Amino acid sequence: MENNLLYIILLSITLISVIISIISLRYAITIRKYLKKFIIISKKISKKEFHIRLDTNAKGELGELSKNFNEMIEIMHSTILEVENSHLQKESILKSISHGILAVDINSNIILINERAKKMLKCEKYAKIEGKSINLAIKEKTILKAIMPFIASKHSVVKEIKLPNDDVYTINIDPIYLHNVNDRIIIGSIINIKNITKRVMLENMRSDFVANVSHELKTPITSISGFVETLKLNEDLDKETRNRFLSIIESESNRLKRLIDDILLLSFIENKESVLFEEVNIYDVFIEVYDMTSYLAKNKNITVTYNINDEKIKCRTNRDYIKQIFINIIENAIKYTPKDKYIYIKIENFDKYFIFSVRDEGIGIPDEDLDRIFERFYRVDKARSREIGGTGLGLAITKHIVKNIGGSIKVNSELGVGSEFIIKIPKK
Ligand code: ADP
């Protein structure tokens with residue numbers, strides 16, 4: 001009886017141990033299986049495969065753990081997206097700044113640089129330049145020399161420098177401060193580089209223009225006041241001399257008027273923000289100008305012939321501008337062509353544009369002056385131009401107008417043989 005009881009007890013203990021072992025084994029297998037999944041999934045996540053998830057079918061703590069793990073992946077994914085997005089935004093802002101931006105730490109190592117600065121500093125060949133010393137990375141030595149003394153300076157500095165290729169830059173160097181609760185420490189400098197070559201050129205052009213205008217106006221005014229003074233002081237001058245002086249005053253006054261008219265016209269064209277486009281019959285405008293200028297040609301016995309392949313050329317352009325172009329080019333041809341010669345005018349109609357060309361048998365333009373005749377006040381022969389009533393502004397005005405209506409102007413010329421001005425104007 002006692003033996004039986006002992007046997008039952010032993011059997012029960014063995015059975016319970018076996019059951020516990022089986023349960024533990026199963027649990028261990030499940031945990032291992034999950035661990036394996038954890039390892040695989042965490043590896044995928046480290047490769048940024050955030051779409052992956054653990055299955056949450058497991059019961060108890062494992063199920064809870066899987067759920068938390070999945071939530072963690074989601075949070076991590078959205079945080080990384082946010083960080084990436086804000087990084088992208090900052091990078092895009094930096095890239096779209098039209099001037100160069102460079103930030104360096106107090107040891108002159110690059111913290112940040114935009115593409116524009118890379119180009120200006122001739123270091124665009126580096127894909128990853130952050131962390132490099134500016135001494136090694138920047139190949140534009142003139143700018144580097146200008147920046148170096150002010151790196152980590154506590155004060156803002158503005159410098160204007162001219163490169164060997166004549167480009168002009170302004171460089172602003174400002175300190176970067178790290179603000180703590182109580183104080184602020186300097187951690188580097190931010191450098192802002194701007195190419196101001198165009199602006200400087202425009203300023204120079206403007207001041208040259210003002211100087212030229214003053215000079216051009218001064219000449220006739222001096223002449224007029226000189227002759228008026230002479231007339232006033234010499235009341236008993238003979239009639240012939242008196243009339244000669246008066247006609248000089250008259251011609252200088254006319255010159256002054258022409259100059260002022262051209263200067264005003266040029267400034268009007270330059271300041272006009274928009275051009276009025278209207279339907280223009282090119283033939284009509286041409287005939288008007290031809291009639292206006294024919295007396296000039298007749299005075300010199302110059303024969304002006306014209307050839308128009310279509311009398312109904314219609315354009316959406318500006319009538320006044322077209323008229324001004326025709327006047328300037330035809331008048332020049334007459335002015336710079338000797339007596340008894342010929343001038344040939346052609347207007348050719350094409351699909352999208354028309355070409356207006358004027359060929360003369362005039363004095364021609366030397367090769368070295370061809371590029372410059374469109375500059376304000378540029379004249380090949382100043383005295384000759386003045387003598388025949390030129391202001392030196394006609395071609396500058398013409399070029400400006402042609403550009404404003406979307407066209408182009410070209411000149412071919414041979415000294416002593418003649419010149420041809422070819423203007424292409426779009427019809428729309
Ligand atoms: P200008 O009032 O002196 O004629 P423009 O600006 O019209 O000024 O022309 C500039 C210069 O270009 C002239 O002074 C002249 O030297 C030269 N030029 C212009 N047109 C002709 C031409 N048809 N033949 C020869 N030279 C010309």
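Start at 1 and go down the list; that is how both ligands and their atoms are numbered. Since the model is a prediction, treat every value here as computed from it, not as a measurement.
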N/O donor-acceptor pairs under 3.5 Å from side chains in residues 214-225, not counting sequence neighbours:
{"unit_1": "Ser214", "atom_1": "OG", "unit_2": "Val210", "atom_2": "O", "d": "2.6"}
{"unit_1": "Glu216", "atom_1": "OE1", "unit_2": "Arg379", "atom_2": "NH2", "d": "3.2"}
{"unit_1": "Glu216", "atom_1": "OE2", "unit_2": "Arg379", "atom_2": "NH2", "d": "2.5"}
{"unit_1": "Thr219", "atom_1": "OG1", "unit_2": "His215", "atom_2": "O", "d": "2.9"}
{"unit_1": "Thr222", "atom_1": "OG1", "unit_2": "Lys218", "atom_2": "O", "d": "2.5"}
{"unit_1": "Ser225", "atom_1": "OG", "unit_2": "Ile221", "atom_2": "O", "d": "3.1"}
{"unit_1": "Ser225", "atom_1": "OG", "unit_2": "Thr222", "atom_2": "O", "d": "3.2"}

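- Using a 4.0 Å cut-off between charged nitrogen and carboxylate oxygen, Glu74 and Arg53 count as a salt-bridge pair.
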One pair per line, please: each N/O atom of ligand 1 matched with every protein N/O atom under 3.5 Å away, atom names first, then the distance to 0.1 Å.
{"unit_1": "ligand 1", "atom_1": "2 (O)", "unit_2": "Thr391", "atom_2": "N", "d": "2.7"}
{"unit_1": "ligand 1", "atom_1": "2 (O)", "unit_2": "Gly392", "atom_2": "N", "d": "2.8"}
{"unit_1": "ligand 1", "atom_1": "3 (O)", "unit_2": "Tyr336", "atom_2": "OH", "d": "3.2"}
{"unit_1": "ligand 1", "atom_1": "3 (O)", "unit_2": "Ser385", "atom_2": "OG", "d": "2.7"}
{"unit_1": "ligand 1", "atom_1": "3 (O)", "unit_2": "Gly392", "atom_2": "N", "d": "3.4"}
{"unit_1": "ligand 1", "atom_1": "4 (O)", "unit_2": "Asn332", "atom_2": "OD1", "d": "3.4"}
{"unit_1": "ligand 1", "atom_1": "4 (O)", "unit_2": "Lys335", "atom_2": "NZ", "d": "3.1"}
{"unit_1": "ligand 1", "atom_1": "4 (O)", "unit_2": "Tyr336", "atom_2": "OH", "d": "2.7"}
{"unit_1": "ligand 1", "atom_1": "6 (O)", "unit_2": "Gly394", "atom_2": "N", "d": "3.3"}
{"unit_1": "ligand 1", "atom_1": "6 (O)", "unit_2": "Leu395", "atom_2": "N", "d": "2.8"}
{"unit_1": "ligand 1", "atom_1": "7 (O)", "unit_2": "Asn332", "atom_2": "OD1", "d": "3.4"}
{"unit_1": "ligand 1", "atom_1": "7 (O)", "unit_2": "Asn332", "atom_2": "ND2", "d": "2.9"}
{"unit_1": "ligand 1", "atom_1": "7 (O)", "unit_2": "Leu395", "atom_2": "N", "d": "3.3"}
{"unit_1": "ligand 1", "atom_1": "8 (O)", "unit_2": "Gly392", "atom_2": "N", "d": "3.3"}
{"unit_1": "ligand 1", "atom_1": "14 (O)", "unit_2": "Tyr336", "atom_2": "OH", "d": "3.2"}
{"unit_1": "ligand 1", "atom_1": "16 (O)", "unit_2": "Val380", "atom_2": "N", "d": "3.1"}
{"unit_1": "ligand 1", "atom_1": "20 (N)", "unit_2": "Asn332", "atom_2": "ND2", "d": "3.4"}
{"unit_1": "ligand 1", "atom_1": "23 (N)", "unit_2": "Asp360", "atom_2": "OD2", "d": "2.9"}
{"unit_1": "ligand 1", "atom_1": "24 (N)", "unit_2": "Ser419", "atom_2": "OG", "d": "3.4"}

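- Remark: side-chain polar atoms of Asn309 are paired, donor with acceptor, to backbone N or O of Asn349 under 3.5 angstrom.
- Counting only N and O atoms by type, the side chains of Gln324 and Asn328 include a donor and acceptor under 3.5 Å apart.
- Under a cutoff of 6.0 Å and an axis angle of 45°, Lys37 and Tyr34 form a cation-pi pair.
- Rounding to the nearest 0.5 Å gives a distance of 10.5 Å between NZ of Lys298 and OG1 of Thr293.
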